[in-house]
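This structure is a prediction, so every number in the text was calculated from the model and none was measured. One is the number of the first residue; the rest follow in order along the sequence.
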Amino acid sequence: LSSGKRGGGTIQEEEQVAVRDDNLIDIAIIGAGPYGLSLSSHLRDKGIEHVVFGRPMESWRDRMPKGMYLKSEGFASNIADPGGRLTLRRFSAEHGRSYGDIGVPVPLEDFCDYGEWFRREADVPVDEAMVDRVSRRAAGGFTLDLADGRALGAQRVVLAPGQTYFAHVPPELALPSDVLLHSSAVNDPSRFEGRSVSIVGGGSSALELAALLHEAGADVTVYSRSLPTFAKPPARPGERPLRERLRGPIAELCAGWDCWGYSRGQAVFRRLPTARRRHIVDTKFGPQGGWWLRNRVDGIIDVRSAAHIDGAEPFGSGARLVVREPGTTRKVVTDTVVAATGYRPDVDSLAFLAEDLRRGIRRIGRYPVLSPGFETSVAGIYVLGVLAGYEFGPSMRFVAGTRFAARRAAAGLAERQATASR
Ligand SMILES: Cc1cc2nc3c(=O)[nH]c(=O)nc-3n(C[C@H](O)[C@H](O)[C@H](O)COP(=O)(O)OP(=O)(O)OC[C@H]3O[C@@H](n4cnc5c(N)ncnc54)[C@H](O)[C@@H]3O)c2cc1C
């Protein structure tokens with residue numbers, strides 16, 4: 001047995017996760033975020049043995065700013081389980097949290113607690129160790145080297161590691177790590193009280209951080225190449241004007257028939273020509289602030305909306321940025337630079353995956369080619385989450401995508417299991 005945590009108790013309780021005596025597990029899921037947890041609930045439903053590695057909801061707890069609200073509406077923030085019982089609505093009702101399908105922003109804290117509740121209710125077998133390396137095993141399958149020194153074998157491995165490996169910082173922001181932070185490294189806004197902070201970027205993370213850091217007492221400036229935009233407050237279903245209703249239903253990703261297709265038609269999306277799929281994923285759902293941010297940012301925070309950062313250098317204990325705006329270029333001194341410059345999904349950035357495995361994965365651009373059951377061209381390696389985008393569409397980078405992905409991947413894994421045991 002390996003020392004992991006599982007079952008209906010609290011996360012603090014030490015329990016054990018089943019690993020066979022030969023240190024071999026059937027299915028290892030790397031990542032206990034919404035995708036890993038959702039897949040686990042589907043596998044458990046089919047009676048398929050597996051272990052989920054990593055601390056549950058780690059990226060939501062540690063890599064997003066305290067005080068943040070989710071951009072997805074309540075009804076679009078469900079981690080999918082096979083029976084559709086473990087919804088955010090039910091969690092909220094049982095735990096006295098405010099909830100609305102639409103128009104009630106979901107606090108980050110509530111979503112993290114929901115994830116933990118889901119883990120307990122679905123009895124997800126979690127081993128909290130991080131996986132340092134996945135490599136081929138001489139006897140077949142894969143070897144997992146864990147951060148706590150253990151090594152395990154796994155017949156099949158599902159990669160559900162989220163976006164962390166893909167954090168993108170443009171080269172012009174080359175600065176020491178004590179001065180430059182990617183937005184995913186800003187967890188506690190109160191640390192910035194009394195400091196000047198330059199946020200580079202104009203999307204949802206940039207605007208959310210601008211509001212939170214300002215409210216925590218920082219002196220914030222946002223540098224964006226274009227004028228940031230904010231989503232429109234959603235109309236509740238009964239309040240939608242006829243013209244809007246005719247334009248399409250409210251779907252998880254947004255309102256309209258195209259959104260409905262991206263939210264519900266992932267299998268159809270996969271049949272579109274590759275170039276079309278890439279174009280949709282690369283261009284849809286661009287940077288935009290949540291509707292509830294407008295009056296916390298507009299007219300309150302200095303947003304430079306036609307600003308290009310041409311360079312950056314260390315200066316004293318902070319940094320000096322070269323800021324180009326129409327008709328002028330100036331140098332700006334700041335204590336901290338936050339790169340809210342997004343993520344670039346790329347199989348090659350999965351540092352824990354042995355190079356020969358990475359190389360063996362066929363690609364569309366930087367994304368893997370996947371079977372209908374989410375298996376890569378390296379037999380036994382599966383990919384869930386944002387990297388599945390070029391195959392199954394934009395929903396793969398949102399929690400709402402768990403409904404399709406977990407069901408299909410569980411079916412694919414079950415089918416393989418059945419073939420192997422014949
Ligand atoms: C600021 C921000 C706000 C967002 N808001 C929303 C929103 O409102 N709604 C929405 O639908 N989506 C939102 N997203 C996107 C969101 O990240 C995804 O929808 C969701 O997290 C995808 O789930 P996941 O399981 O793929 O990834 P994650 O939630 O990131 O989970 C992956 C897990 O894998 C673990 N892991 C990684 N590597 C290893 C390893 N080697 N060993 C063990 N464990 C490992 C990580 O610790 C992490 O816990 C937001 C993203 C960001 C950055």
Side-chain angles (χ1 to χ4, degrees), residues 1-7 14-33 35-56 58 119 122-162 165 347-348 350-362 368 370-371 373-385 387 406 409-422:
L1 287 176
S2 76
S3 64
K5 297 174 188 178
R6 111 180 241 184
E14 276 291 340
E15 293 181 34
Q16 302 282 301
V17 160
V19 173
R20 295 200 308 240
D21 286 346
D22 55 3
N23 258 356
L24 191 65
I25 45 187
D26 289 334
I27 298 172
I29 302 174
I30 301 182
Y35 278 83
L37 296 175
S38 177
L39 176 62
S40 171
S41 72
H42 285 72
L43 291 178
R44 193 170 264 292
D45 189 56
K46 292 179 183 297
I48 298 178
E49 288 276 326
H50 62 281
V51 178
V52 183
F53 290 90
R55 277 183 49 227
E58 184 264 350
R119 181 195 74 83
D123 201 10
V124 173
V126 172
D127 183 323
E128 290 203 4
M130 290 293 283
V131 177
D132 273 355
R133 189 175 153 82
V134 178
S135 54
R136 272 193 204 282
R137 186 166 164 269
F142 306 93
T143 299
L144 269 56
D145 294 310
L146 306 184
D148 59 13
R150 286 174 295 147
L152 301 172
Q155 306 282 19
R156 285 170 295 162
V157 177
V158 181
L159 311 178
Y165 295 93
V347 169
D348 282 327
L350 295 174
F352 63 87
L353 198 58
E355 205 193 327
D356 64 311
L357 293 177
R358 272 184 264 145
R359 264 194 279 117
I361 294 178
R362 270 186 53 217
L370 298 175
S371 73
F374 287 76
E375 190 170 17
T376 67
S377 56
V378 174
I381 299 267
Y382 296 71
V383 168
L384 292 189
L387 272 177
L413 286 156
E415 203 180 295
R416 268 305 176 93
Q417 187 114 328
T419 321
S421 59
R422 254 180 233 141

Enquirer: Can you give me the closest heavy-atom contact between Phe142 and Arg137, atom names plus distance?
Expert: O-CD, 3.5 Å

Enquirer: Holding to side chain to side chain contact (heavy atoms under 4.5 Å, CB included), I want the full list of residues that pass it with Ser135, two or more places apart in sequence or in another chain.
Expert: Arg133, Thr143, Ala354

Enquirer: Output, in order, the C-alpha distance, side-chain angles, deciding distance and verdict of side chain to side chain contact (heavy atoms under 4.5 Å, CB included) for Glu128 and Val126.
Expert: CA-CA 6 Å; Glu128 290 203 4; Val126 172; 4.0 Å; yes

Enquirer: Where is the tightest heavy-atom contact between Val52 and Ser40, given as atom of each residue plus distance?
Expert: CG2-CB, 3.8 Å

Enquirer: Under the salt bridge (Lys or Arg N to Asp or Glu O under 4.0 Å) rule, collect the residues that match up with Asp132, sequence neighbours excluded.
Expert: none

Enquirer: Once rounded to the nearest 0.5 Å, what's the spacing between atom CG of Leu353 and atom CG of Asp348?
Expert: 9.5 Å

Enquirer: Once rounded to the nearest 0.5 Å, what's the spacing between atom CG of Leu384 and atom CZ of Phe374?
Expert: 6.0 Å

Enquirer: Measure from the side-chain N and O atoms of Thr376 to the backbone N and O of Ile361, and report whether any donor-acceptor pair falls under 3.5 Å.
Expert: no

Enquirer: Give, for atom CG of Leu387 and atom CG of Leu159, the distance between the pair rounded to the nearest 0.5 Å.
Expert: 8.5 Å

Enquirer: Let's go through Leu144 and Phe53 carefully: what are the C-alpha distance in whole Å and the side-chain angles of both, what is the deciding distance for side chain to side chain contact (heavy atoms under 4.5 Å, CB included) to 0.1 Å, and is it a yes or a no?
Expert: CA-CA 10 Å; Leu144 269 56; Phe53 290 90; 3.7 Å; yes

Enquirer: Quick one: list whatever passes ring pair (Phe, Tyr, Trp, His ring centres under 6.0 Å) with Tyr35, sequence neighbours left out.
Expert: none

Enquirer: Could you please spell out the steps behind the side chain to side chain contact (heavy atoms under 4.5 Å, CB included) verdict for Val378 and Arg136?
Expert: CA-CA 10 Å; Val378 174; Arg136 272 193 204 282; 3.8 Å; yes

Enquirer: Pair Ile30, Val134 - check side chain to side chain contact (heavy atoms under 4.5 Å, CB included), show working.
Expert: CA-CA 10 Å; Ile30 301 182; Val134 178; 3.5 Å; yes

